[in-house]
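Structure record follows, encoded as structure tokens.
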Amino acid sequence: MAYAMVLGEALIDLLETADGAEPLYRAVVGGAPLNVAVGASRLGAAVEFAGSLGDDALADRIGRFLADNGVGTRGVLRAAAPTALAVTTFAGAEPDFRFYGAPPSYGLLDVAGLDAALPAGAAVLYCGSIALLCPPVLAAARHAWAATPALRVFDPNVRPRLLTGAGDVERQRAVAAEFAATADLVKLSAADAAVLYPDKPAEAVAGLLRELGAGVVVLTLGARGALVAAGAQLCRMPAPAVRAVDATGAGDAVMAALIADLLAGGVPADPAGWRRRVEFALRVAALVCEAPAGATAMPTRAQVAARFGPA
């Protein structure tokens, strides 16, 4: 059975919730690649997750969550480290993340710990997000990327609070350019684009990534939808109108939907096919925004159809 391999981080999000005068923090399983893996699985895709987990009860919880949601875990490396935490506060529905754990539990997968059979047998390979800031994981991702015959998809998923040293933005920009150069699909957000290319509007960033070599670029714009750069066309796709309560994982939901449809139907034959794929992906993301907690909010195809009608 064709499957997607998702390589990156899994961690625990501590989500701020209101309860009287004092804030409380609810622990939920998270990490952008984990969200992607779970989201694609809930949409009917076969998915294998590759990444490192710690050796504590929180890591056990992450492993159970992946298994309970149908995500394969033969690419998971367990390491002697406490599980990394992302403390998440909100301005409206938009999350702000602060990360804890040094070295982070998600940064310990290396080339030696990578199951070489996973990228070799995958139909789609996803790499990206903050795990690539960790040199061992970056080396493993490069190895998998070079070795796979799969369709390659990439998401930089920039977290500015982790870019604290001199040259950090430049290094992440270089990594993004490296993966984009041979990617079949790059998905990034307007916030990612603003950090990596602060002097360029979103439309120019989409064009630049295409010039670097990306086959298709999907640049999400939050409530304003997405830009789709496919073929010679740059098209703006509107997002469904929803009452957003938590945007955590919305961009990951877009990527999850695109991966699931790549597995189910291959690469669209023309830009119109990509626009239809992105229209569905934005519906998936809209549903995620209507519920709290990212990975746990990822919908099934039946739930998307019930909310928005057939795709």
Side-chain angles (χ1 to χ4, degrees), residues 5-17 23-42 47-90 95-115 118 126-141 144 155 157-164 246 248-249 251-252 255-256 288 292-298:
M5 175 183 172
V6 174
L7 188 154
E9 74 269 6
L11 45 75
I12 293 292
D13 286 326
L14 297 180
L15 300 180
E16 182 183 30
T17 59
L24 298 177
Y25 291 88
R26 183 163 59 97
V28 299
V29 174
L34 178 140
N35 294 342
V36 170
V38 170
S41 179
R42 289 190 176 178
V47 184
E48 293 283 345
F49 182 78
S52 57
L53 300 182
D55 60 354
D56 54 15
L58 291 175
D60 294 340
R61 179 179 171 185
I62 293 170
R64 288 194 301 270
F65 185 82
L66 287 167
D68 290 347
N69 282 280
V71 177
T73 57
R74 62 191 176 102
V76 170
L77 173 73
R78 297 296 294 261
T83 296
L85 305 175
V87 177
T88 311
T89 55
F90 292 89
D96 177 56
F97 302 94
R98 287 182 179 264
F99 297 89
Y100 297 85
S105 58
Y106 57 74
L108 303 176
L109 178 69
D110 57 13
V111 173
L114 180 69
D115 181 348
L118 281 180
Y126 162 105
C127 293
S129 198
I130 63 174
L132 299 193
L133 295 172
C134 304
V137 184
L138 178 57
D155 182 355
N157 193 47
V158 179
R159 293 289 179 248
R161 292 192 184 281
L162 291 175
L163 305 180
T164 57
D246 181 356
T248 304
D252 306 328
M255 179 61 96
V288 168
T296 60
M298 295 291 171

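The basis for the numbers below is simple: all heavy atoms, side chains too, and nothing from hydrogens, waters or symmetry mates.
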Problem set entry | Heavy-atom side-chain proximity of V137 to L7 below 4.5 angstrom | yes
Problem set entry | C134 side, atom SG; L108 side, atom CG - distance, nearest 0.5 Å | 7.5 Å
Seminar exercise, completed: Taking every heavy atom of A10 against every heavy atom of L53, the minimum-distance pair comes out as CB-CD2, 3.8 Å
Exercise. Just how far is it from atom CG of D56 to atom OG1 of T83, taken to the nearest 0.5 Å?
Worked result: 3.5 Å
Exercise. CG of L132 to OH of Y106: how many Å apart, nearest 0.5 Å?
Worked result: 10.5 Å
Problem set entry | Distance-minimising heavy-atom pair for A144 and L114 | CB-CD2, 4.0 Å
For this session: Using atom types as modelled and distance alone, determine if a side-chain donor or acceptor of D155 lies under 3.5 Å from a backbone N or O of G128.
Result: no
Seminar exercise, completed: In short, D13 meets G31 closest at the heavy-atom pair OD2-N, 4.1 Å
Problem set entry | Pairwise distance CG(L162) to OG1(T164) - rounded to 0.5 angstrom | 7.5 Å
For this session: Could you walk me through whether L14 and Y100 pass side chain to side chain contact (heavy atoms under 4.5 Å, CB included), step by step?
Result: CA-CA 11 Å; L14 297 180; Y100 297 85; over 6 Å; no
Exercise. Could you state the interatomic distance from CZ (R98) to CG (L85), rounded to the nearest 0.5 Å?
Worked result: 14.5 Å
For this session: Could you tell me which non-hydrogen atom of G39 sits nearest to which non-hydrogen atom of A256, and how far apart they are?
Result: C-CB, 3.6 Å
Exercise. Would a 4.5 Å heavy-atom cut-off, applied to side chains only, mark E9 and N157 as touching?
Worked result: yes
Problem set entry | Donor-acceptor contact present, side-chain S105 to main-chain A81, <3.5 Å | no
Exercise. Looking only at heavy atoms, what is the nearest atom pair of V29 and A295, with distance?
Worked result: O-CB, 3.8 Å
Exercise. Taking S52 for the side chain and R78 for the main chain, is one N or O donor matched with an acceptor at less than 3.5 Å?
Worked result: no
Exercise. Is R61 salt-bridged to D68, cutoff N-O under 4.0 Å?
Worked result: no
Exercise. Any side-chain donor paired with an acceptor under 3.5 Å for N69 and S41?
Worked result: no
Exercise. Shortest non-hydrogen contact from E48 to T73?
Worked result: OE1-N, 3.6 Å
Exercise. Are any side-chain N or O atoms of R42 and backbone N or O atoms of T296, one a donor and one an acceptor, separated by less than 3.5 Å?
Worked result: yes
Exercise. Taking it one step at a time, do M298 and D252 satisfy side chain to side chain contact (heavy atoms under 4.5 Å, CB included)?
Worked result: CA-CA 9 Å; M298 295 291 171; D252 306 328; 4.2 Å; yes
Exercise. Atom CG in L58, atom CD1 in I12: separation rounded to 0.5 Å?
Worked result: 5.0 Å
